[in-house]
Amino acid sequence: MNAQLHDEQPAERGARVIPLNAARQDEEPAERHPLERRVAAGLAFLRRRLAGEYEVDEFGFDPELNRNVLLPAARVLYERWFRVELAGTEHVPRKGGALIVANHSGTVPLDGIMLSVAVHDHLERDLRLLGADLIYQVPVLGHLSRKAGHTLASPADAARLLAKDELVGVFPEGFKGVGKPFGERYQLQRFGRGGFVETALRANVPIIPCAIVGAEEIYPKIADLRPLARLLGVPYFPVTPTFPWLGPAGLLPLPSKWMIAFGEPMPLDDYGPEAADDPMTVFNLTDHVRETVQQMLYDTLLRRGPAFF
Amino acid sequence: MGRTVSSMPSTAARVVLVTGVSRFLGARVANTLQADPRIERVIGVDTVPPTTSLGRTEFVRVDIRTPSIAKVISSAEVDTVVHLNLVTAPSGPRSRVKELNVIGTMQLLAACQRSPDMRKLVVRSSAAVYGSSPMDPAVFAERDEPVEPPTSGYAKDAVEVEGYVRGLQRRRSDLTVSVLRFVNFLGPGVDSPLTRYLRMPVVPTVLGFDPRLQFVHEDDGIEVLRRMTVEDHPGCFNVAGDGVLLLSQALRRAGRSFVPVPAPSFAALGDAGRRFAGMSGFSPELQRLLTYGRVVDTTALVNELAWRPKYGSEAAFADFVSARGLGRTVPMALLDRLTTVLGRE
């Protein structure tokens, strides 16, 4: 009897197990679904791309390509290589026009790309950068930059973007900043001619100062081969500890630790658009923004500590 | 560029002269204008007889490069001139095209200046006057100066034509002058260097560049010209469909196979095409457009006419594609089959 009971009990248990198994069998297709969905979504994406069924704006910005191809590629560098830390994201408005003004460094302008990733992933906005005209003369770089939402650094383009309530980013130092020698790291160069202040005044949008720490160490520029730069028609030809000595491997950026900090927005409402025509106001504001960014740079640099760990 | 006080036909067109009437745009504009009962006479002039029937449009075979155009204008008491003679396709040697475009316009404008009956001038210009360069702003408005002014071809002609039109405006401030800068026309009836380029069996593109393009549908272009003729809208206006297409995107939508070639080879290809008979090749202007692209702002036109083009750039392109029977290619069918197979499982 006991044996029978014992026999029955496992049978009962077994009977209880069967529904569980059945439930698991039901779950299995559900588990396969996400993969299938991803394959289907991938195919649908491929089809849309091949059929040209996507939209671009008048600047050539292709949000779908940016979201699915360009940003994911940059995100690998952002998360794994530079381990970017963000601060002050609450200072960036979630909607409406604003002008982010940041320092520029790193020999190769990767800071712009990392800032785009930061803004897209953590602020859920598309950053529209203003780039040097050299970018648009170079094959491939020009159209990829447009597809990523960036455009030429011209007052007309900046005004048009801000009028569309876009978040615009600018590096007023330009090549002077990105191509400065390693010895001058974290020292802001001249902030252009203050064109960005004029644009912000005319569009009546706040200026958001931004400090990017870490880009200075990715390609430490220790020398500049000027004759070669002139020959190639580029602003500088850098020599770093690894480039050109290690060949293509020298193109790999050093894995420095990055921090990006946004400062408090500077509202320009008090000045009014006519202040854009007063050079003294523009100069003073330019200096003020520059000093703010410089101070933020020093603070963020202290917070970061060692460059690579 | 003053704005009109009222868009009422205060200086109603009575006798309209259309130049370049034997070509596609001229013929269609003449046909549209003659349907308007308020216009008493439509006179079409060209150097060659029209290939299609012009209806009640009176055709006068006259070369606008000669002073005889003045006789036509004075004897018919023409009050409105619609100047559509700008030759944008490289038909024949460059020197002859330049003669037609520039000297023809000078003679025509000289005749207009003399005529006491003249009230209005509508000029077909081109967005090519803005040139095309990597330093361009993303969007050109009418008041913007070109960064690199065009140095050759019909684009340079258009710049010169606009210069002469401004000269006439200074001397005859009583005239209503409308200058229209059209982007590339597209539609079922358009035959232009661009449409020929798009219909090549394998379309070459410039390696590493993907220009932004805009198109205006022929119906919209003709409607703009009609309204400029029967209403008063002085000024200079960009004319384009809404929206922008990238060249790669356009070619994909048309199901064209394309092969990117380096810029020097692209230029050489264009030269070779021009040299061999029967092929128009790519003009330097087209090469620059297909490298750097160009986008114009049409806000001024939309505000002035309180009207939007019926076809956006995408719709104009789609109409061109369907009219020419261009369409999907094999990979797309394969992809669709793959998707349905996966969907069934």
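All of these numbers come straight from a predicted model, not from anything done at the bench.
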Asks: Are there more than 12 heavy atoms of other residues, nucleotides or ligands under 6.0 Å from atom CZ of B:Arg324?
Replies: yes
Asks: Count the heavy-atom pairs under 4.5 Å between each of A:Val140, A:Asp133, A:Asp157 and chain B, then report the option with the highest count.
Replies: A:Asp157
Asks: Can you tell me how far OG1 of A:Thr199 sits from CD1 of A:Ile207, rounded to the nearest 0.5 angstrom?
Replies: 9.0 Å
Asks: Where on B:Asp136 is there a heavy atom nearer than 4.5 Å to chain A: the side chain, the backbone, both, or neither?
Replies: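 Just its backbone gets close to chain A.
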Asks: Does a salt bridge link B:Arg308 with B:Asp220, judged by any charged N lying under 4.0 Å from a carboxylate O?
Replies: no
Asks: For A:Asp57, which atoms come within 4.5 Å of any heavy atom of chain B: side chain, backbone, both, or neither?
Replies: backbone
Asks: Give the ring-plane orientation class for A:Tyr236 versus A:Phe175, where under 30° counts as parallel, over 60° as perpendicular and anything between as tilted.
Replies: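 Taking A:Phe175 first and then A:Tyr236, their aromatic rings stand perpendicular (interplane angle over 60°).
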Asks: For B:Val295, is it the side chain, the backbone, both or neither that has a heavy atom under 4.5 Å from a heavy atom of chain A?
Replies: side chain
Asks: Please work out which of the three classes, parallel, tilted or perpendicular, describes the rings of A:Phe171 and A:His104, given edges at 30° and 60°.
Replies: parallel
Asks: Please classify the contact of A:Ile135 with chain B as side chain, backbone, both or neither, using a heavy-atom distance under 4.5 Å.
Replies: neither
Asks: Given heavy-atom pairs under 4.5 angstrom as the criterion, report whether the side chain, backbone, both or neither of B:Gln214 touches chain A.
Replies: neither
